[in-house]
Amino acid sequence: MPPATKRKKGEGQWALGYREPLNKNEENKKNDDGLNVRRRIIDIYSKSGFDSIDPSDLRGRFRWMGLYTQRKPGIDGGKTGALEDEELEDRYFMMRVRIDGGQLSGPQLRTIADVSTRYARGTADITDRQNVQLHWVRIEDVPAIWEALEAVGLHTMEACGDVPRVIIGCPLAGIAADEVVDATPRLREIHDRYIGSPEFSNLPRKFKTAMSGCTSHCTVHEINDIAFVGVVDEAGETGYQVFVGGGLSTNPMFAQSLGVFVKPEQTAEVWHGVTSIFRDYGYRRLRSRARLKFLVKDWGAAKFREVLEKEYLGFALPDGPEPAAPLARRDHVGIHPQKDGAYYVGFAPRVGRVDGELLGVIGDLAERYGSGRVRTTNEQKMVILDVPEKDTEALADELAQHDLQVRPSTFRRQTMACTGIEYCKLAIVDTKQRAMDLIDELEERLPDFDQPLTINVNGCPNACARIQVADIGLKGQLVVDDDGEQVEGFQIHLGGRLGASFGKKVRGLKTTSAGLTDYVERVVRRFDEQRTGGETFAEWV
Ligand code: SF4
């Protein structure tokens, strides 16, 4: 008898006729659009309290409005995954305020500062996607918070969930003296047309967009689902190259270039086409395979481009050049000239941790020294714009008085940390405080080290702090210490480099949280002693 042919299981792709939900998440999304939860929060839940919230909203659709329940304090990492959601979660929420392009006006920054102080116990973290994350938010206060945010043009819609998340943009768009193109108008066009639209409120999973025309490639286009990167074609015309299918987490992949040239006025249309491909052809059977990167890997860039052009755009895009190589440090920390003759001043809060009061101070300084305009970066840093050259040092001094350094050590400048066990239900270890201590200790022990070196700290195997593309990536897990006790610690990944290589997991190389500083100090000292010429950490490893 011939062997039975193995029938390839459907991946739940809508375009191939698989419309029936294949898992609980898909079922929830089919039952009710995530965007509809906004009305219920305003009309019912905020009035009747936490206990009135339908579980499928609480642990599902709330994300569409940028809300997650936060972890109950005091539950150790060993219980993560072992407890039911209700046992692990607090009656308070994490709220993500969406800041597309990282662009904040003076009134917007003041509003976030005020909301943080009034409704979020003063908490405010700059995330690595340019958002501000608040904690301790009560359901009763959510409508008032939205009202305050929306009055200044901010919102939390689609800040989480299976939707187009915040659009990353260069913090210096329209400002940097050396930029290729200002992506701001295109970013706003996509935001205004499609964010909150039912057309894209049920994607297979999250969908991350980056748009940039800056030469340092600060938007990390290599690890976004779709990225537009400014280029100039042979005729001297400015436009964008498009990358698709980047993402980290447990199966990290770098985005692939489509090899096209997109005129600025075509950007929204191309974004619409790519997002539609994800919605229609994206895999929906398994959450672990539901990111665009899996489809791009299976199809390849050539087929993806063909489907985009033939089925969605209805025209062929011309071939386009690849962007220039990125700079070693992609952030915008320090004092640098703008194209209009003023200066921008980028500074480094430690791992993005600020608070409502401090944001108010930053707002005051931005108004006193500049025009009030402030930017967040996707390296958890901030930038004040429009400062006259003569005032830059005075501003740097005032920022330093609040521990916001304009010329920070490598460790302060290039260390990032995810939310971690303080608030995240998936976390196994503490990250923010551990990373802040690490910075302080390394600054003391290695005061002269000045080479580029990224240290990214994650509280679990997910990749919120991008550990796979860090020079030193630290993945939180429980480890056994010298006394045989299970304690907080990290699996170490070394030598990750955006667009080039993922950090290598060194077999058996783990450290306890308590031993972390000693470990990093040893590695950094060795690198500093052994490196030759301009050798980077990733090359040295
Ligand atoms: Fe939470 Fe893990 Fe993401 Fe950190 S990496 S924020 S612990 S899910």
Side-chain angles (χ1 to χ4, degrees), residues 25 59-60 62-63 66-83 85 88-90 92-98 123-137 159-162 165-166 205-206 208 220 223-224 247-252 287-288 290-291 350-353 378-380 415-436 438 454-470 472-479 487-493 496 502-503 505 510 513 516:
N25 285 289
R59 300 185 191 106
F62 266 47
R63 294 172 193 191
L67 290 159
Y68 282 96
T69 47
Q70 65 188 40
R71 186 188 188 94
K72 233 182 236 171
I75 297 183
D76 72 62
K79 304 230 170 78
T80 303
L83 295 178
D85 272 339
L88 203 55
E89 73 195 0
D90 213 338
Y92 295 93
F93 292 90
M94 178 281 284
M95 176 185 271
R96 202 172 280 160
V97 182
R98 198 179 158 118
T123 56
D125 287 330
I126 313 292
T127 75
D128 60 9
R129 287 192 67 80
Q130 297 180 300
N131 299 302
V132 172
Q133 198 163 295
L134 309 169
H135 295 279
W136 299 109
V137 170
C160 315
D162 296 352
R165 304 279 187 93
V166 67
R205 270 201 78 181
K206 60 187 164 189
K208 297 180 174 178
V220 293
I223 52 172
N224 278 270
L248 294 176
S249 207
T250 41
N251 278 292
R287 297 275 299 162
S288 57
R291 291 290 299 276
R350 288 179 304 164
V351 294
R353 180 137 285 185
N378 64 350
E379 295 200 3
Q380 302 180 326
T415 300
M416 294 201 298
C418 76
T419 302
I421 205 163
E422 194 179 3
Y423 300 115
C424 176
K425 288 183 292 184
L426 302 178
I428 300 165
V429 306
D430 170 53
T431 51
K432 285 282 190 202
Q433 191 55 54
R434 187 64 196 89
M436 288 195 283
L438 178 68
T454 50
I455 303 176
N456 295 11
V457 188
N458 259 13
C460 81
N462 286 319
C464 301
R466 315 202 285 257
I467 54 161
Q468 298 95 329
V469 289
I472 301 178
L474 299 164
K475 181 170 85 181
Q477 60 176 224
L478 295 180
V479 300
V487 294
E488 290 194 3
F490 298 93
Q491 160 81 55
I492 293 157
H493 295 237
F502 295 111
K505 185 158 87 179
K510 295 174 186 169
S513 186
L516 178 62

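Counting starts at 1 for both ligands and their atoms, in listed order. Remember, predicted model here, so these are calculated numbers, not experimental data. By convention here, the first residue in the shown sequence is residue 1.
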Looking at atom 4 (Fe) of ligand 1, is there an N, O or S atom belonging to Cys418 that lies under 2.8 Å away from it? yes
Lys/Arg N to Asp/Glu carboxylate O, Lys72 vs Asp90, below 4.0 Å: no
Can you name the nearest heavy-atom pair linking Val469 to Thr454, along with the distance? O-OG1, 4.3 Å
Can you tell me how far CG of Asn458 sits from CD of Gln491, rounded to the nearest 0.5 angstrom? 12.0 Å
Do Arg129 and Asn224 have side-chain N/O donor and acceptor atoms under 3.5 Å apart? yes
Check whether any side-chain heavy atom of Thr69 lies under 4.5 Å from a side-chain heavy atom of Phe62, and answer yes or no. no
Per-atom filter on ligand 1: closer than 4.0 angstrom to a heavy atom of Thr419 are 6 (S)
Please state which protein non-hydrogen atom is closest to atom 2 (Fe) of ligand 1 and give its distance, to 0.1 Å? Cys460 SG, 2.3 Å
Near Leu426 (heavy-atom distance under 4.0 Å), the atoms of ligand 1 are 8 (S)
closest protein heavy atom to atom 3 (Fe) of ligand 1 is Cys464 SG, 2.3 Å
Under 4.0 Å between a Lys/Arg side-chain N and an Asp/Glu carboxylate O for Arg434 and Glu488? no
What atoms of ligand 1 come closer than 4.0 angstrom to any heavy atom of Gly459? 4 (Fe), 7 (S)
Verify the distance test for Cys424 against atom 1 (Fe) of ligand 1: any N/O/S atom under 2.8 Å, yes or no. yes
